[in-house]
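Okay, so here's the structure we're looking at.
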Amino acid sequence: MTGASLPGPEPLVDLIVAVHTPERDVSRAVNSVLHETRAPVRVTVVCHNTPVAGIAASLGSAAHDRRVRLVELQDGVRSPAGPFNRGLELATAPYVSVLGSDDELAPGAIDSWLDRAERSGAGAVLARVQHAGGKTVPSPPSRPFRQRALHPVRDRLNYRSAPLGLVSRVQFPDLRFTTGVRTGEDIGYVTVLWHSGKTIEYDRRGPAYLIHADGAERVTTLAPPIQDDLEFLEPLLGSRVYQELGDQAQASLLVKTFRSTLFSLVQNRPHVHQWPLEQRERLAAVSELLYQELSGTRQGLRVLSRADFCLLDLMRNSETPTEEMLIAANARRLFLTKEALLPRRRRDVFLRDAPLRFAIASVLARW
């Protein structure tokens, strides 16, 4: 670990960057914090399964800034949970934040989050998230213009599946990312945050967290097994926090999981050869599990669209033709059609998580 003992003011924010290769433009991320933040901040760069020397060279002069410390973590696991948790273990500031090595913060973002957190006593402050090209990410699709005291169900917080922004280390001293999974390591983390009963603020008009796509890995038609995308589900459904959620909160989380995880699995694997029988059987088992969980809630199934049900019926049966499943997945993405907008019962059309209200909220969230 380098830079940890250099003198300076005690930080108000410990910001953690996990980097896995010196080929990433990590200097952009780090410098966006160092050059554009007035508050005392410390940036912990966790060099994950890669030597510190290579990352230090990528950082250039920022590697010698007293506010930066470089930490090497060799665990042989391809998951950001380990390095983020290492950074959280080393944190001593009242607030913590995470930043992707490919991303950056708009000038003044941390100062804006801190101001809102300290005025409200919030347990977490959600950042406004924006693509570097300019488009706002409509997540969460909360109530229009809502910034203070967000509600986990009414403001659809489950759709913000990454803790981008600020988290109070004082109020959540032991909160960690889920280890042992390759994706979805942050789902359990944010589920605790959003449903903790603590004050959640949304800095929806402040400087943005900026997502860059230039460091994204190439995706081929040889998509990884769907098990890689589903590993987080079992620990989530078996967790105490999920078991203790109320009926509406469970339904909201399950519907989000269907939309953002299961349906996306099919949409992101649009070729028949990507669905051997083993993968279809795995998809059917998980789809049935979530279907039964959702059936146990009062309103869960009622908010799914007719197109959702068409696709879901095909997903739950591994013997249905894969071509039909892929056609149904494409039909579900035609969001302005009656089948995609209407639930099976017309009287359910105005339920909070039904497609019509959800679509309107998503459009408003972009503004």
Side-chain angles (χ1 to χ4, degrees), residues 18 20-21 23-24 48-50 73-85 100-102 158-159 161-162 176-191 213 215-239 242 253-294 304 308-333:
H20 313 279
T21 170
E23 295 176 359
R24 297 295 198 202
H48 187 215
N49 296 323
T50 188
L73 175 64
Q74 297 285 347
D75 62 3
V77 179
R78 192 174 179 179
S79 167
F84 281 142
N85 285 343
S101 59
D102 297 324
N158 291 313
Y159 288 88
S161 57
R176 298 292 184 269
F177 292 84
T178 303
T179 58
V181 299
R182 278 160 285 193
T183 60
E185 72 287 336
D186 43 12
I187 302 297
Y189 186 103
V190 297
T191 300
E217 295 183 3
R218 295 184 62 174
V219 177
T220 70
T221 56
L222 296 176
I226 64 172
Q227 290 89 325
D228 293 1
D229 293 327
L230 297 173
E231 287 179 321
F232 75 93
L233 265 179
E234 185 175 347
L236 176 64
L237 297 181
S239 67
Y242 173 77
L253 179 57
L254 291 167
V255 170
K256 178 263 178 184
T257 304
F258 264 119
R259 288 172 173 162
S260 300
T261 302
L262 280 203
F263 293 153
S264 293
L265 281 180
V266 181
Q267 292 159 3
N268 294 336
R269 291 163 174 80
H271 305 290
V272 173
H273 73 264
Q274 293 173 310
W275 290 101
L277 180 59
E278 177 188 0
Q279 295 292 281
R280 287 296 310 273
E281 289 176 341
R282 177 60 177 161
L283 179 66
V286 175
S287 300
E288 184 63 28
L289 170 65
L290 286 180
Y291 178 84
Q292 293 302 328
E293 285 281 339
L294 196 56
L304 297 181
D308 290 338
F309 273 106
C310 180
L311 175 57
L312 184 53
D313 287 343
L314 294 166
M315 290 166 59
R316 290 166 60 204
N317 184 355
S318 61
E319 297 181 358
T320 57
T322 298
E323 294 91 339
E324 291 185 15
M325 182 179 74
L326 298 178
I327 291 172
N330 287 331
R332 182 189 169 272
R333 290 173 60 85

For the residue pair Ser79 and Thr179, establish whether any side-chain heavy-atom pair is separated by less than 4.5 Å.
no
For residues Glu231 and Gln227, is any side-chain donor paired with an opposing acceptor at under 3.5 Å?
no
For a quick test of reading the model, state the closest non-hydrogen atom pair linking Ser161 to Lys256 and the distance between them.
CB-NZ, 3.7 Å
When rounded to the nearest 0.5 angstrom, what is the spacing between CG in Asp75 and CG in Asn49?
5.0 Å
Plane angle bin for His48 and His20 - parallel if under 30°, tilted between 30 and 60°, otherwise perpendicular:
perpendicular
Gap separating the CD1 atom of Ile226 from the OG atom of Ser264, nearest 0.5 angstrom:
13.0 Å
Keeping the roles fixed (side chain from Asn158, backbone from Thr191), state whether a donor-acceptor pair exists under 3.5 Å.
no
Calculate, to the nearest 0.5 Å, the distance between atoms CZ and CG belonging to Phe177 and Asn85 respectively.
7.0 Å
Counting C-beta onward and ignoring hydrogens, is there a side-chain heavy-atom pair between Val266 and Leu314 closer than 4.5 Å?
no
Taking the side chain as C-beta and beyond, is there a heavy-atom pair between Met315 and Phe263 under 4.5 Å?
yes
Just wondering, more than 12 heavy atoms not from Gln267 lying within 6.0 Å of its CD?
yes
pair Leu289-Leu237: side-chain heavy atoms closer than 4.5 Å:
yes
More than 12 heavy atoms of other residues, nucleotides or ligands under 6.0 Å from CD of Glu23: is that the case?
no
Is there side-chain contact between Thr178 and Ile187, with heavy atoms separated by less than 4.5 Å?
no
So how far is it from Leu233 CG to Leu262 CG, rounded to the nearest 0.5 Å?
6.5 Å
Apply salt bridge (charged side-chain N to carboxylate O under 4.0 Å, His left out) to the pair Asp229 and Arg269, showing each step before the final yes or no.
CA-CA 12 Å; Asp229 293 327; Arg269 291 163 174 80; 3.1 Å; yes
Does any non-hydrogen side-chain atom of Leu290 lie less than 4.5 Å from one of Phe258?
yes
If you round to the nearest 0.5 Å, how far is OG1 of Thr50 from CG of Leu73?
11.5 Å
Step through the shown structure and confirm whether more than 12 heavy atoms of other residues, nucleotides or ligands are within 6.0 Å of CD on Glu234.
no
Pro225 side chain reached by Arg282 side chain, heavy atoms, under 4.5 Å
no
Distance, nearest 0.5 Å, that separates CG of Leu277 from OG of Ser318:
6.0 Å
Does the pair Asp313 and Tyr291 meet the rule for a side-chain contact (heavy atoms from CB on, under 4.5 Å), with working shown?
CA-CA 10 Å; Asp313 287 343; Tyr291 178 84; 5.7 Å; no
Within a radius of less than 6.0 Å around CD of Gln292, do more than 12 heavy atoms belonging to other residues, nucleotides or ligands occur?
yes
Could you report the tightest heavy-atom contact between Tyr242 and Leu236, atom names first, then the distance?
CB-O, 3.2 Å
When you measure from the side chain of Ser287 to the backbone of Ala284, do you find a donor-acceptor pair of N or O atoms at a distance under 3.5 Å?
no
Any side-chain heavy-atom pair of Trp275 and Leu326 under 4.5 Å:
yes
May I ask you to decide if Asp228's main-chain N or O and Thr183's side chain share a donor-acceptor pair within less than 3.5 Å?
yes
Closer than 3.5 angstrom, by distance alone: can the side chain of Arg280 be matched with the main-chain N or O of Asn317 as a donor-acceptor pair?
yes
Mark yes or no for whether Gln274, through its side chain, and His271, through its backbone, hold a donor-acceptor pair below 3.5 Å.
yes
